[in-house]
Amino acid sequence: MEFKRYKLNDLSIDGGSYGIGASAVEYNKELYIYLRITDINEDGTLNYKDMMSVDDPKANQYVLKKNDICFARTGNSTGKSYFYDGSIKNLVYAGFLIKFSIDEDKVNPKYIKYYTMTSEYKNWVKEIQTGSTRGNINAKMYGNLDILIPERAYQDKLVAVLDKITDKIKYNTQTNDNLFELTKQLYKRWFIEFEFPNKDGNPYKASNGKMVESELGLIPENWCIKRLDEISVNFDSKRKPLSSKDREERKGNIPYYGATSIIDYVNEYIFDDIFVLMGEDGSVINSDNTPVLQYIWKKCWINNHAHVLQGKGISTEHLMECLRATDVSSIITGAVQLKINQANMNALKYVYATEETNRDFDEKISKIYEKIRANIEQNEILEQLRDTLLPKLMNGEIDLDKIEI
């Protein structure tokens with residue numbers, strides 16, 4: 001099979017172009033959706049949670065078209081990419097992104113998408129950022145990106161194989177988004193609207209059940225108000241931060257968690273259970289004023305930028321739902337570096353049900369969270385399979401004619 005090398009410019013319609021330099025505004029379905037570097041995940045998917053809009057008279061000049069690919073051009077995210085498949089309408093790319101419109105007559109556009117996931121591309125990003133251009137890759141540099149391209153029939157088969165894995169990962173992720181929304185709505189019905197099934201299966205409602213006054217308003221009789229430190233166990237004292245040098249010396253496959261996500265992998269662990277992580281400093285609050293949370297399980301290492309919590313008297317999943325429904329804007333300190341300290345966090349107050357009601361709720365959501373964990377674990381396996389196949393497929397080491405799609 002013949003491979004030829006092409007510059008990215010050779011495979012694009014109009015070369016690289018910079019996005020619009022406009023400020024983001026609160027999301028509005030009547031406006032264009034604004035694609036910023038922060039909206040792109042490391043795997044090239046979108047983080048829909050905090051997406052914003054753009055309100056600018058020139059925005060229509062920067063609307064993405066199918067088969068466009070955007071690259072982050074500056075900062076710690078330089079090299080990150082997003083391939084636009086046309087599934088989201090009215091998506092405008094921001095100024096710190098560079099867009100190339102891939103010519104599908106010259107190459108399968110998704111082949112370029114998958115190329116940007118290879119170690120060859122990632123190594124190119126590292127090398128070109130050295131010296132005076134560190135932390136910045138301009139349109140000319142991206143245009144000169146050298147890509148080894150196989151014959152078209154092989155490209156199409158390769159894309160079909162990888163798309164099958166990608167589609168399953170996407171389906172699992174969308175399923176989990178729906179499941180998380182379901183648990184959120186269940187918590188709202190039970191613990192905010194006070195509507196949940198009785199033993200006879202009929203719903204209990206505030207309007208037909210006895211309610212009493214509390215410091216958080218009317219709550220069902222026999223319920224009470226508790227502080228966060230009364231319904232959770234805190235493991236912050238077990239956290240151990242590691243410097244980048246320490247992590248380099250401890251390289252492995254065990255997740256190392258920061259305030260918002262996994263930031264590295266090491267060869268040892270200090271936690272091995274189900275936990276809720278709540279951002280302590282840095283990125284600690286979402287756009288809807290809820291705390292930045294992570295639901296984790298299995299062996300891991302956690303640094304000192306996230307509070308480590310488990311449920312007490314309620315399940316850890318129940319605790320997660322409590323926190324997901326909490327406005328933490330009033331307890332954040334720090335002007336430059338935002339922080340949620342332990343004392344302020346512990347003072348948060350929650351409606352606490354009877355033992356029987358808590359048990360019923362926990363049993364209900366535990367089955368949903370089991371499915372969430374199973375989907376995430378399956379995605380991890382699929383991602384490992386994709387990452388293993390990717391370099392071999394790109395180099396032509398695998399006979400695609402022997403693979404059934």
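In this chain, numbering begins with 1 at the start of the sequence shown.
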Nearest atoms (heavy-atom pairs only) where Glu321 meets Ile365: CG-CD1, 4.4 Å
Please, which pairs that meet ring pair (Phe, Tyr, Trp, His ring centres under 6.0 Å) have at least one residue in residues 340-385, sequence neighbours excluded? Phe180-Tyr369, Trp190-Phe361, Phe191-Phe361, Tyr295-Tyr369, His318-Phe361
Between Lys339 and Glu280 (salt bridge meaning N to carboxylate O under 4.0 Å), is one present in this structure? yes
Judged by modelled atom types alone, do Ser119 and Asn123 share a side-chain donor-acceptor pair under 3.5 Å? no
List the atom of Asn138, the atom of Ile98, and the distance in Å for their closest heavy-atom pair. C-CD1, 3.6 Å
Going by an N to O cut-off under 4.0 Å, is there a salt bridge joining Arg36 and Asp39? yes
Tyr18 side chain vs Ala139 backbone, donor-acceptor pair below 3.5 Å: yes
Apply ring-ring contact (aromatic ring centres under 6.0 Å, His included) to Phe235 and list each qualifying residue two or more places apart in sequence or on a separate chain. Phe275
Please list all pairs meeting salt bridge (charged side-chain N to carboxylate O under 4.0 Å, His left out) that have one or both residues in residues 53-79, counting only residues at least two apart or in different chains. none
Can you name the nearest heavy-atom pair linking Tyr111 to Pro150, along with the distance? OH-CD, 3.2 Å
What distance separates Leu293 CG from Leu277 CG, expressed to the nearest 0.5 Å? 8.5 Å
Describe, in one word, how the ring planes of Tyr256 and Trp301 are oriented to each other, choosing from parallel (under 30°), tilted (30 to 60°) and perpendicular (over 60°). tilted
Asp272 pairs by salt bridge (Lys or Arg N to Asp or Glu O under 4.0 Å) with which of Lys298, Lys238, Lys299? Lys299
With Asn172, which residues qualify under side-chain hydrogen bond (donor to acceptor under 3.5 Å, both in side chains), at least two apart? Lys168, Gln378, Asn379
For Asn108 and Tyr154, run side chain to side chain donor-acceptor pair (under 3.5 Å): C-alpha distance rounded to whole Å, both residues' side-chain angles, the deciding distance at 0.1 Å, then the answer. CA-CA 10 Å; Asn108 186 315; Tyr154 186 86; over 6 Å; no
Just to verify, what does Ser329 make a side-chain contact (heavy atoms from CB on, under 4.5 Å) with, not counting sequence neighbours? Ile285, Asn289, Asp327
Looking only at the side chains, is there a donor atom on one of Glu181 and Gln185 sitting less than 3.5 Å from an acceptor on the other? yes
Using only heavy-atom distances, determine whether the side chains of Asp362 and Ser366 contain a donor-acceptor pair under 3.5 Å. no
Walk me through whether Asp246 and Ser243 qualify under side chain to side chain donor-acceptor pair (under 3.5 Å). CA-CA 5 Å; Asp246 290 335; Ser243 66; 3.1 Å; yes
Non-neighbouring partners of Lys367 that pass salt bridge (Lys or Arg N to Asp or Glu O under 4.0 Å), sequence neighbours left out: none
Find the distance between OH (Tyr269) and SG (Cys300) and round it off to the nearest 0.5 Å. 10.5 Å
Which residues pass the ring-ring contact (aromatic ring centres under 6.0 Å, His included) test with His307, sequence neighbours left out? none
Ala306 and Gly258 have their tightest heavy-atom pair at CB-O, 3.7 Å
Mind checking what makes side-chain hydrogen bond (donor to acceptor under 3.5 Å, both in side chains) contact with Thr74, not counting sequence neighbours? none
Which pairs pass ring pair (Phe, Tyr, Trp, His ring centres under 6.0 Å) with one or both residues in residues 75-95, sequence neighbours excluded? Tyr62-Tyr93
Who are the side-chain hydrogen bond (donor to acceptor under 3.5 Å, both in side chains) partners of Glu230, not counting sequence neighbours? none
State plainly whether the residues Glu268 and Lys240 are in salt-bridge range, i.e. N to O under 4.0 Å. no
Identify, with sequence neighbours excluded, every residue that meets salt bridge (Lys or Arg N to Asp or Glu O under 4.0 Å) alongside Arg152. Asp156
Please evaluate residues Tyr32 and Ile20 with respect to the criterion side chain to side chain contact (heavy atoms under 4.5 Å, CB included), reporting the C-alpha separation (whole Å), side-chain torsions for both, the decisive distance (0.1 Å), and the verdict. CA-CA 12 Å; Tyr32 290 104; Ile20 185 172; over 6 Å; no
Under the side-chain hydrogen bond (donor to acceptor under 3.5 Å, both in side chains) test, which residues partner Asn176, sequence neighbours left out? Asn375
